[in-house]
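The structure displayed is predicted, hence computed values, not measured ones.
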Amino acid sequence: MRFCDSNDAVLQWASEAVQIPYRHPLTGKQTVYVPDFLITYRTRNNTMRAELIEIKPKKQSVIESKMNSRDRAVVAINYAKWQAATKWCQRQGLTFRVVTEQDMFHNGRA
């Protein structure tokens, strides 16, 4: 959030500002996903871009063979949310992106 407030390229941002309906893959029930951020910014080419961003630990975003069933379920639920968000963003002319600690930190530093 501090990054958004202090970055001149960020034109506006909001936290948990969008609700996206999706079907829960384990229960089959319709529910709502609320992504972390909606950010509008100016690119290096001076064009305006808007992105819906979810911040998640990598372990909740990739299924690995050594995962237990509970962790696999978390990833499956996240995939269902992200698929719904991707489709919603396409209809709105936005981009959806998942950011993990690998994207934010390099060599243990921000």
Is it true that, when you exclude Asp8 itself, more than 12 heavy atoms of the residues, nucleotides or ligands shown sit nearer than 6.0 Å to its CG?
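Result for CG/Asp8: open.
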
Count the heavy atoms of every other residue, nucleotide or ligand shown that sit under 6.0 Å from OH of Tyr79, and state whether that count exceeds 12.
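Enclosed: over 12 neighbouring heavy atoms sit under 6.0 Å from OH of Tyr79.
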
Any heavy-atom pair between the side chains of [Y] and [X] that's under 4.5 Å?
X     : Y     : result
Trp82 : Val98 : yes
Lys59 : Asp71 : no
Asp36 : Ser15 : no
Thr95 : Cys89 : no
Tyr33 : Val18 : no
Arg97 : Leu52 : no
Phe96 : Ile53 : no
Glu16 : Pro35 : no

Could you identify which residues cluster with Val32, counting Ile, Leu, Val, Met, Phe, Trp and Tyr as linked when any side-chain heavy atoms lie under 4.5 Å apart, either directly or through a chain of such contacts?
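Members alongside Val32: Val34.
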
Clusters formed by hydrophobic residues whose side-chain heavy atoms approach within less than 4.5 Å: which one holds Val62, and what are its other members?
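Besides Val62, the hydrophobic cluster comprises nothing; the residue is isolated.
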
Cluster link Val75 to Leu26, ILVMFWY, side chain under 4.5 Å
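The answer is yes; both residues are in one hydrophobic cluster.
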
ILVMFWY network linking Met48 to Val10, side-chain heavy atoms under 4.5 angstrom
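No.
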
What pairs with [X] under side chain to side chain donor-acceptor pair (under 3.5 Å), at least two apart in sequence or on another chain?
X     : value
Gln30 : Arg23
Lys56 : Glu54
Ser6  : none
Thr47 : Thr43

Please check if the side chain of Glu51 supplies one atom and the backbone of Leu38 the other of a donor-acceptor pair under 3.5 Å.
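Side chain of Glu51 to backbone of Leu38: no pair is present.
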
Flag, side chain of Arg72 to backbone of Ser65, donor-acceptor distance under 3.5 Å
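Side chain of Arg72 to backbone of Ser65: a pair is present.
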
When rounded to the nearest 0.5 angstrom, what distance separates CG in Leu94 from CD1 in Ile39?
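Between Leu94 CG and Ile39 CD1, I get 12.0 Å after rounding to 0.5 Å.
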
